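Have a look at the structure below before the remarks.
Keep in mind the model is a prediction, meaning the values are calculated, not measured.
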Amino acid sequence: MKTKNQNADFLHVGEKLLAWYKIHGRDLPFRNTNDPYKIWICEIIFQQTRIEQGLNHYKNFIQRFPTVQDLAKAETDEVLLYWKGLGYYSRALNLHKASLQIINDFKGKFPKDYEDILSLKGVGKYTAAAISSICFGKKIPAVDGNFYRVLSRVFADDFDVSHSKAFQYFTELALLMMPENEAGHFNEAMMDLGSGICKPKNPECINCPLSADCLAFNIGKVQSFPVKSKKVKPTDLELTYYFVGFKDQFLIRQRDTDFIWKKLYEFPNSIPNEFQESIVTQKTIAHKLTHKNVSIHIYKVILEKEKTFKKFAKENGYLISNKKEAHHKSFPKPLENYLANLDAELF
């Protein structure tokens with residue numbers, strides 16, 4: 001594949017980036033530690049959550065589970081509860097499973113080897129590289145979308161970032177720029193530059209420490225990079241739920257792990273025919289997931305007889321809950337919002 005690499009001093013560009021970072025790098029709580037457990041938690045949280053949104057969640061999570069031993073001992077429901085509000089709950093489930101791996105396979109000590117870190121449930125190449133470089137000084141670029149964007153623009157490189165070989169290609173390119181003994185800071189610098197200045201839209205090139213070396217900037221084509229040809233078309237998904245209530249109580253159950261919203265709580269997804277006449281309202285909620293457009297139809301069913309309510313719960317394995325109890329469980333965001341907006345007089 002033809003590329004347009006600038007004939008530049010790669011290491012010089014990397015050193016420029018590091019000099020900028022040492023002055024302008026963000027002051028974040030997890031930047032003041034090289035504890036691999038804390039770096040692991042922060043990397044998983046901030047994979048799909050902006051720093052400003054996830055910072056308090058990170059602090060609360062670390063406060064409740066300060067060590068891998070504390071996380072491994074916890075019940076799944078509690079881990080999910082402390083993940084509430086971050087979304088992508090499979091990340092929390094994987095953290096919990098990986099903590100048990102560390103206890104069982106590594107005698108309770110966080111592994112130092114890159115391949116061992118990569119073997120942990122839910123840890124990909126980016127996270128393993130970030131932990132290896134920041135905590136153990138390994139010279140491994142933590143290549144993610146920020147790397148793709150910054151390097152594509154600096155070198156006006158048209159290598160397609162959706163290509164299967166893009167990760168390896170940009171890893172090799174980043175290694176040419178990475179100064180010795182500074183891998184962790186280099187990776188953090190790239191994260192800060194990519195998220196704060198070299199943004200996907202409206203990049204702040206005037207404030208960029210690499211603007212003089214950036215070929216895309218100098219030819220006026222910053223927005224042409226990175227090149228990405230493949231776009232995954234979202235599919236449509238329809239879900240139906242029945243909020244089955246009696247006085248201040250309603251029915252819930254915990255989801256399995258074979259589809260979306262693993263281990264979160266939900267309402268019944270079917271009711272007997274005789275309940276149809278007890279439907280009082282219907283609401284449709286539009287919700288977006290990665291590669292899915294979800295339409296959720298929720299029917300509110302209010303039963304008048306406690307015996308009928310409890311029989312349906314028992315025969316179908318539903319839990320009887322109320323708003324106070326439900327607050328301590330984790331629901332998919334659309335169902336959580338539905339509960340929050342229910343009329344107080346129905347409870």
Neighbour count above 12 (heavy atom, 6.0 Å) for Lys125 NZ
no

side-chain hydrogen bond (donor to acceptor under 3.5 Å, both in side chains) with Glu277: which residues, sequence neighbours excluded?
none

Determine the minimum heavy-atom distance between Ser211 and Asn218, stating which atoms define it.
O-ND2, 3.5 Å

Go through the structure and list residues passing side chain to side chain contact (heavy atoms under 4.5 Å, CB included) with Arg26, not counting sequence neighbours.
Leu28, Arg31, Ile51, Asp192, Ser195

Find out whether the Lys NZ or Arg CZ of Lys38 is both under 6.0 angstrom from the six-membered ring centre of Phe30 and within 45° of the ring's axis.
no

What residues form a side-chain hydrogen bond (donor to acceptor under 3.5 Å, both in side chains) with Lys22, not counting sequence neighbours?
Glu182

Which residues satisfy the side-chain hydrogen bond (donor to acceptor under 3.5 Å, both in side chains) test with Glu43, sequence neighbours excluded?
Tyr126

If you count the non-hydrogen atoms of other residues, nucleotides and ligands that lie under 6.0 Å from CD in Glu274, is the total more than 12?
yes

Could you tell me whether Lys16 atom NZ has more than 12 heavy atoms of other residues or ligands within 6.0 Å of it?
yes

Supply the atom-to-atom distance Lys263 NZ to Thr257 OG1, rounded to the nearest 0.5 angstrom.
6.5 Å

So, Phe243 versus Phe267, ring centres under 6.0 angstrom or not?
yes

Run the ring-centre check on Phe110 versus Tyr37 and record whether the distance is less than 6.0 Å.
no

Do Val280 and Val301 touch side chain to side chain, with heavy atoms closer than 4.5 Å?
no

Could you give the distance from OG1 (Thr127) to CZ (Phe46), rounded to the nearest 0.5 Å?
13.0 Å

Qualifying residues under side chain to side chain contact (heavy atoms under 4.5 Å, CB included), relative to Asp105, sequence neighbours excluded:
Gln101

Side-chain contact, heavy-atom cut-off 4.5 Å: Met177 with Phe186?
yes

Taking the six-membered ring for Trp, are the ring centroids of His57 and Phe61 within less than 6.0 Å of each other?
no

Inspect the surroundings of NE2 in His185 and state if more than 12 heavy atoms from other residues, nucleotides or ligands are less than 6.0 Å away.
no

Sequence neighbours left out, what passes ring-ring contact (aromatic ring centres under 6.0 Å, His included) with Phe217? Give chain and number order.
none

Heavy-atom pair with the smallest gap, counting every atom of Ser152 and Phe170:
OG-CZ, 3.4 Å

Can a side-chain donor-acceptor contact be found between Ser162 and Asp160 if the only test is distance below 3.5 angstrom?
yes

Is Leu118 isolated, or which residues cluster with it under the ILVMFWY side-chain rule of less than 4.5 Å, directly or via members?
Tyr114, Ile140

Ala326: which residues meet the side chain to side chain contact (heavy atoms under 4.5 Å, CB included) condition with it, sequence neighbours left out?
Phe250, Ser321, Phe331, Leu339

What pair of heavy atoms forms the shortest contact from Pro141 to Thr171, and how long is it?
CG-O, 3.7 Å

For residues Phe312 and Leu251, report the shortest heavy-atom separation together with the two atoms involved.
CD2-CD1, 3.4 Å

Taking all non-hydrogen atoms of both residues, which atom of Arg91 and which atom of Thr49 are closest, and how far apart?
NH2-OG1, 3.4 Å

Audit row: Thr235, His291, side-chain contact (heavy atoms from CB on, under 4.5 Å) steps and yes/no:
CA-CA 6 Å; Thr235 57; His291 310 318; 5.8 Å; no

If you define the side chain from C-beta out and look only at heavy atoms, does anything of Leu335 sit under 4.5 Å from Tyr265?
no

Check the pair Phe225 / Phe159 against ring-ring contact (aromatic ring centres under 6.0 Å, His included), numbers first and verdict last.
CA-CA 9 Å; Phe225 299 94; Phe159 196 103; over 10 Å; no

Test log, rule side chain to side chain donor-acceptor pair (under 3.5 Å), inputs Tyr88 and Thr290:
CA-CA 10 Å; Tyr88 298 98; Thr290 305; 3.1 Å; yes

Between Ser133 and Asn187, does any side-chain donor sit less than 3.5 Å from a side-chain acceptor?
yes

Flag the pair Lys292 / Pro234 as yes when at least one side-chain heavy-atom distance between them is below 4.5 Å, and no otherwise.
no

Atom pair OG/NZ of Ser99 and Lys121 - distance to nearest 0.5 Å
13.0 Å

Is there side-chain contact between Met190 and Leu151, with heavy atoms separated by less than 4.5 Å?
yes

Shared hydrophobic cluster for Val222 and Val161 (ILVMFWY, side-chain gaps under 4.5 Å):
no

Residue set satisfying ring-ring contact (aromatic ring centres under 6.0 Å, His included) with Tyr242, at least two apart, ordered chain then number -> Tyr299

Heavy atoms only: give me the nearest Val79-Ala74 pair and the separation to one decimal.
CG2-CB, 3.9 Å

Could you walk me through whether Lys247 and Glu306 pass salt bridge (charged side-chain N to carboxylate O under 4.0 Å, His left out), step by step?
CA-CA 9 Å; Lys247 293 187 176 179; Glu306 183 177 16; over 6 Å; no

Using the side chain to side chain contact (heavy atoms under 4.5 Å, CB included) criterion, which residues pair with Asp113? Sequence neighbours excluded.
Glu115, Asp116

With sequence neighbours left out, the residues meeting ring-ring contact (aromatic ring centres under 6.0 Å, His included) with Phe167 are none

Residues, nucleotides or ligands: over 12 heavy atoms within 6.0 Å of Lys199 NZ:
yes

Regarding Gln282 and Thr284, do their side chains bring together a donor and an acceptor under 3.5 Å, going by distance alone?
yes

Enumerate the salt bridge (Lys or Arg N to Asp or Glu O under 4.0 Å) contacts for residues 128-155, please, sequence neighbours excluded, ordered by first and then second residue.
Lys139-Glu180

Counting heavy atoms not belonging to His327, are there more than 12 under 6.0 Å from its NE2?
no

Counting C-beta onward and ignoring hydrogens, is there a side-chain heavy-atom pair between Leu237 and Ile260 closer than 4.5 Å?
yes

So OG of Ser278 and CZ of Phe309: to nearest 0.5 Å the spacing works out to 12.5 Å

